[in-house]
Structures are given as structure tokens and as C-alpha cells.
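First comes the structure, then the notes that go with it.
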Amino acid sequence: MTDRPQTRPLDRRAILGLSVSGLAALAGCGDANNAGEPSESGSDNTEEPNEPQTEEEPVRERNLDDETERSDASTLLNVRDTLDTDNPLFDPQSKTFTSDASAGIEAVPLRSAFTVVAFEHDGEDEFIVETDGSVGGLVVKSPDTAGAACFAADRGDYNFAVATEKNWSMTVGQPFAPPEEIRTPSVSASGDGHAVVGPIELAETTTFIGEHESDGGNFVVEVYNEDASGGTPDEVVFNQIGEFSGEARADPAGITWLEIEADGVWRLEIE
């Protein structure tokens, strides 16, 4: 692998700064006569998604003292692996939307926290999701038929626009992992394409070792605390173009998740 990879600045505004007018245009992509209303399922069917949040959001609590047992797994969990469990995305308020055409989703209430969008689709073109809200913009633009992306939401109601030509499903949630699922270094992760992996508890300067097999695509690894807000990650560990092998040190703290943007096979070691 190359010893001197290319780099370029990561402009988070380019990722999370599109206009609401662009969102509306995206929701109308494709044949308007074929666009259907997405169906919704959620872990909490009593919540009204169109009702704005006015009350103070409840505090999420768990016991993370030194005596609480953590996971002894040596690999990070792909957040998509939680979708078929009783607690998808480790969020009882998570919501799943499905449709067979480009569609808009209105007023999904989110707290100030790390937010995951896990997707699957049958299309041959890129799967694109935009959102508005206070940190609105592009969430997903991926050629993968299944994957996940994330952003650091501020509290409020968010509209989503999905652009694809085939059947799709999308689950939106804000992970708050139970202690027995939380990993600690040293751990590893691997995959092919876009992914969100974790959770891992970090308490000091951490070494990240990364590899990416690519013909010129992006390799971006970002770290998000579960309480992240404001639209940006806590740390950008790697931001490379093409084939890459190297390491970096960063200082994220707390219960964190990693978002990987890649166009090929990737591997991570966290020490």
C-alpha cells in the first residue's frame, strides 16, 4: 500500500449544509406519479411524529461505574446488526420507514444526540438521504445496497427526503447502548463500504490503525460521542483518498461510535 496517501480537507458543511429547497427538490426525484407515501413502524407506536417537542427531554441513564461489566468482545458491533433485535439501534424510540419510490418523511422528533440512519435498498444507483432541521444536509449518498450513516443532531423535528428508484427501508434512531454491549480497547473492526460501528468506551488518547483498499475513493473515519450534537463529529481520525495504510492518535472520551465512509474493503484497530 502507498506510503504517501493523498489527503484533502473535510468540509463538514458540504456534508451537512444543503438547503431546505434542495431537500424539497430531492423528495420529488423520479416520477411523481410513482412516488408513494412511506410506511412507518416504530418501537413506540404511541408517539405522534408530527407533534413538536415542547417538554424537556428526559435524561437517559445507565450505570457505568467501574464495577459494571462491559462486553469482552474483541470486535466492534456493526450497528445494522441490531436491526433484527428487540431493541433496534439500541433505541426504543427508533422508527423504520419503507417505500418503493423516492419519498419525503415529515417531522421525525430527535433529541440532541448522535443519530444513525441505517438503510437498505434494491436500486442500482446511489441511495441518497437528505434532512433539514438545525443541522440539515446530506446524510447518505452511497452506492451500497445496505449500510449506515450518522450525524450529531440538535433537538427538534427533522424532515427526511429519500431518493432511489426501488424498494427501500430506513431506520432512524439514537443509540444508547447497554453496558454489556460496550466494548473497550483493544478492539478491531472491518467491512466493505459505508458503516457505523461501536460502541466503545474511550477514556484517554487512543491509537487508530486503519487500512483501505481503493482505486481512488474516500476513506473517512469519524468518532461520535453518544451525546454529540451540533452537526459535527467529535474527532476526524482519517480523511484520505484512495489506498491507505496508517495510524493516527485522537482524544475522544466517553461512549463513542465510529462512522466509516469507504468505497472498498477497510480495517481498523483501536488500541
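Predicted, not measured: the structure shown is a model, and the values here were computed from it.
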[atom1]/[X] to [atom2]/[Y] distance, rounded to the nearest 0.5 angstrom?
X: Leu110; Y: Gln93; atom1: CG; atom2: CD; result: 11.0 Å
X: Ser94; Y: Gln174; atom1: OG; atom2: CD; result: 10.5 Å
X: Leu76; Y: Ile270; atom1: CG; atom2: CD1; result: 4.5 Å
X: Thr115; Y: Asp154; atom1: OG1; atom2: CG; result: 9.5 Å
X: Asp91; Y: Thr82; atom1: CG; atom2: OG1; result: 9.5 Å
X: Glu181; Y: Arg70; atom1: CD; atom2: CZ; result: 13.0 Å

Sub-4.5 Å side-chain heavy-atom contact between [X] and [Y]:
X: Phe238; Y: Leu268; value: yes
X: Phe119; Y: Val139; value: no
X: Val117; Y: Phe160; value: yes
X: Val223; Y: Pro233; value: no
X: Asp122; Y: Thr164; value: no
X: Leu202; Y: Pro185; value: yes

Under 3.5 Å: donor-acceptor pair, side chain of [X], backbone of [Y]:
X: Ser74; Y: Asp72; answer: no
X: Thr98; Y: Ser169; answer: no
X: Thr68; Y: Asn63; answer: yes
X: Asn159; Y: Ala107; answer: yes
X: Asp144; Y: Gly193; answer: no
X: Arg183; Y: Ala73; answer: no

Mind checking what makes side-chain hydrogen bond (donor to acceptor under 3.5 Å, both in side chains) contact with [X], not counting sequence neighbours?
X: Arg60; answer: none
X: Ser188; answer: none
X: Asp227; answer: none
X: Asp251; answer: Thr205

Nearest heavy atoms of [X] and [Y], plus distance in Å:
X: Leu83; Y: Ala118; value: CD1-CB, 4.0 Å
X: Phe97; Y: Ile105; value: CE2-CG2, 3.5 Å
X: Val116; Y: Pro175; value: CG2-CG, 3.8 Å
X: Ala148; Y: Val79; value: CB-CG1, 3.9 Å
X: Trp266; Y: Asp192; value: NE1-N, 3.5 Å
X: Ser214; Y: Gly216; value: OG-N, 3.0 Å

Practice item. For the pair Ile241 and Asn218, evaluate side chain to side chain contact (heavy atoms under 4.5 Å, CB included) and give the outcome as yes or no after the intermediate values. Key: CA-CA 5 Å; Ile241 299 174; Asn218 289 346; 4.1 Å; yes

[X] vs [Y] aromatic rings, parallel, tilted or perpendicular, using cut-offs 30° and 60°?
X: Trp257; Y: Phe90; value: tilted
X: Phe219; Y: His212; value: parallel
X: Phe127; Y: Trp168; value: tilted

Review point. With respect to Thr207, which candidate in Arg249, Glu247, Glu269, Glu271 satisfies the side-chain hydrogen bond (donor to acceptor under 3.5 Å, both in side chains) definition?
Key: Arg249

Practice item. Using a cut-off of 6.0 Å, state whether more than 12 heavy atoms not belonging to Asp84 lie near its atom CG. Key: no

Practice item. Tell me, yes or no, whether the heavy-atom count around Asp81 atom CG, taken from other residues, nucleotides or ligands under 6.0 Å, exceeds 12. Key: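 Above 12, so yes.
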
Point to revise | Steps toward side chain to side chain contact (heavy atoms under 4.5 Å, CB included) verdict (Val129, Met170) | key: CA-CA 10 Å; Val129 179; Met170 182 178 80; 3.8 Å; yes

Review point. Between Tyr158 and Val172, does a side chain to side chain contact (heavy atoms under 4.5 Å, CB included) hold up when you go through it step by step?
Key: CA-CA 11 Å; Tyr158 286 74; Val172 180; over 6 Å; no

Practice item. Kindly give the cluster partners of Phe176, where membership spreads through any ILVMFWY side chain lying under 4.5 Å from a current member. Key: none

Review point. So which residues get pulled into Ile255's cluster when ILVMFWY side chains under 4.5 Å apart are joined, directly or through others?
Key: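 Listed partners: Leu64, Ile182.
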
Review point. Under 4.5 Å between side-chain heavy atoms, hopping through other hydrophobics if needed: is there a path connecting Val220 to Ile209?
Key: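 No; Ile209 is not reachable from Val220 via cluster members.
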
Practice item. Look at Arg267 together with Glu213 and state whether they make a salt bridge at an N to O cut-off of under 4.0 Å. Key: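 The answer is yes: the pair qualifies as a salt bridge.
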
Exercise for review: Ignoring hydrogens and angles, state whether a donor on the side chain of Thr96 or Thr171 is under 3.5 Å from an acceptor on the partner side chain.
Suggested key: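 Yes.
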
Review point. Taking it one step at a time, do Glu126 and Lys141 satisfy side chain to side chain contact (heavy atoms under 4.5 Å, CB included)?
Key: CA-CA 6 Å; Glu126 290 183 315; Lys141 184 178 181 182; 2.9 Å; yes

